[in-house]
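Predicted model, so just to flag it, every value in this text is computed and none were measured.
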Amino acid sequence: VQLQASGGGLVQAGGSLKLSCAASGQTLSVYVMGWFRQAPGKEREFVAAISWNGISTLYADSVKGRFTISRDAAKNTGYLQMNSLDPGDAAVYYCAAKGTAGWSLAVVGRPSAYAYWGQGTLVTVSS
């Protein structure tokens, strides 16, 4: 499956952005989908994940209550709604897909668990 992330941009602190992850080549519905981010000089970190059927979600503590992950099977697309953004959220955001084995933060939170990655979309937050 090929993934294409989009929707990044420049936003003021307190603002919102919605990222999209469009899949092609295969249905996204058979995969767990995750969002990760990487700021300059930092390691790639887990943001959120959603189960293959969209029923279960997991979030990093830093974004819980502010970000919402979702997916639309008909559009073969996943989303990350980001609200109340602050400068600490600025990073390149990546969407990724992995098989359905293992649904826990310890598993879905690891970048190495994901076989498929999008190219990343840049989110900049001005203070």
Side-chain angles (χ1 to χ4, degrees):
V1 61
Q2 292 80 48
L3 304 176
Q4 178 80 29
S6 62
L10 172 63
V11 63
Q12 287 188 331
S16 298
L17 278 175
K18 187 173 185 178
L19 306 183
S20 298
C21 179
S24 60
Q26 195 172 0
T27 177
L28 192 59
S29 298
V30 299
Y31 296 101
V32 168
M33 192 191 75
W35 285 95
F36 291 78
R37 66 187 182 187
Q38 188 166 19
K42 295 187 176 181
E43 292 187 353
R44 191 165 300 189
E45 66 172 358
F46 171 74
V47 175
I50 187 167
S51 61
W52 67 273
N53 55 9
I55 291 177
S56 301
T57 57
L58 287 169
Y59 295 93
D61 286 344
S62 59
V63 306
K64 205 172 291 184
R66 299 188 298 124
F67 290 12
T68 302
I69 189 172
S70 62
R71 64 195 305 165
D72 185 330
K75 294 183 178 180
N76 213 25
T77 299
Y79 303 97
L80 184 69
Q81 176 68 47
M82 306 185 295
N83 298 328
S84 302
L85 286 161
D86 65 51
D89 295 315
V92 176
Y93 282 71
Y94 298 89
C95 60
K98 64 176 290 297
T100 56
W103 178 255
S104 69
L105 192 55
V107 173
V108 303
R110 286 187 293 113
S112 60
Y114 292 77
Y116 306 100
W117 290 86
Q119 85 290 359
T121 185
L122 178 64
V123 173
T124 304
V125 184
S126 63
S127 56

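L85 contributes atom CG, which lies 10.5 Å from atom OG of S126 (distance to the nearest 0.5 angstrom). In this structure, the separation between CZ on R71 and CG on L28 is 4.5 Å, given to the nearest 0.5 Å. Interatomic distance, Y93 OH to L80 CG, rounded to the nearest 0.5 Å: 7.5 Å. The distance from the CG atom of L3 to the CD atom of Q119 is 9.0 Å, given to the nearest 0.5 Å.
The stretch residues 30-79 participates, sequence neighbours left out, in no disulfide bond (SG atoms under 2.5 Å apart) pair at all. The list of salt bridge (charged side-chain N to carboxylate O under 4.0 Å, His left out) pairs with a residue in residues 97-124, not counting sequence neighbours, is empty. Residue pairs meeting the salt bridge (charged side-chain N to carboxylate O under 4.0 Å, His left out) criterion with at least one partner in residues 19-44, sequence neighbours excluded, are R37-E45, R37-D89. Residue pairs meeting the disulfide bond (SG atoms under 2.5 Å apart) criterion with at least one member in residues 29-61, sequence neighbours excluded, do not occur. Sorted by first and then second residue, the side chain to side chain donor-acceptor pair (under 3.5 Å) pairs with a member in residues 50-60 read S51-N53; sequence neighbours excluded. Within the structure, disulfide bond (SG atoms under 2.5 Å apart) pairs that include any residue of residues 14-127 comprise C21-C95 (at least two apart or interchain). Evaluation of the side chain to side chain donor-acceptor pair (under 3.5 Å) test over residues 4-17, restricted to residues two or more places apart or in two chains, returns S16-N83.
The salt bridge (Lys or Arg N to Asp or Glu O under 4.0 Å) test applied to K64 returns D61, not counting sequence neighbours. By the side chain to side chain donor-acceptor pair (under 3.5 Å) test, Y31 pairs with Q26, sequence neighbours left out. Checked against side chain to side chain contact (heavy atoms under 4.5 Å, CB included), A22 has the following partners two or more places apart in sequence or in another chain: T77. Every residue was checked against the ring-ring contact (aromatic ring centres under 6.0 Å, His included) condition with Y79, not counting sequence neighbours, and none meets it.
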For this session: Check step by step if side-chain contact (heavy atoms from CB on, under 4.5 Å) holds for D86 and R66.
Result: CA-CA 10 Å; D86 65 51; R66 299 188 298 124; 4.0 Å; yes
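By the 4.5 Å heavy-atom criterion applied to side chains, T100 and V30 are not counted as neighbours. Within the 4.5 Å cutoff, no side-chain heavy atoms of I69 are placed close to those of V47.
The minimum heavy-atom distance linking P87 with S127 is given by the pair CG-CB, 3.9 Å. Across every non-hydrogen atom of A90 and T124, the tightest pair is CB-CA, 4.3 Å. Between S70 and I50, the shortest heavy-atom contact is CA-CD1, 3.7 Å. Looking at every heavy atom in both residues, V1 comes nearest to A23 through CG2-CB, 3.8 Å.
The hydrophobic cluster containing L58 also includes V32, F36, F46, V92, Y94, W103, L105, V108, Y114, W117, L122, under a criterion of side-chain heavy atoms closer than 4.5 Å among ILVMFWY residues, counted directly or through chains of members.
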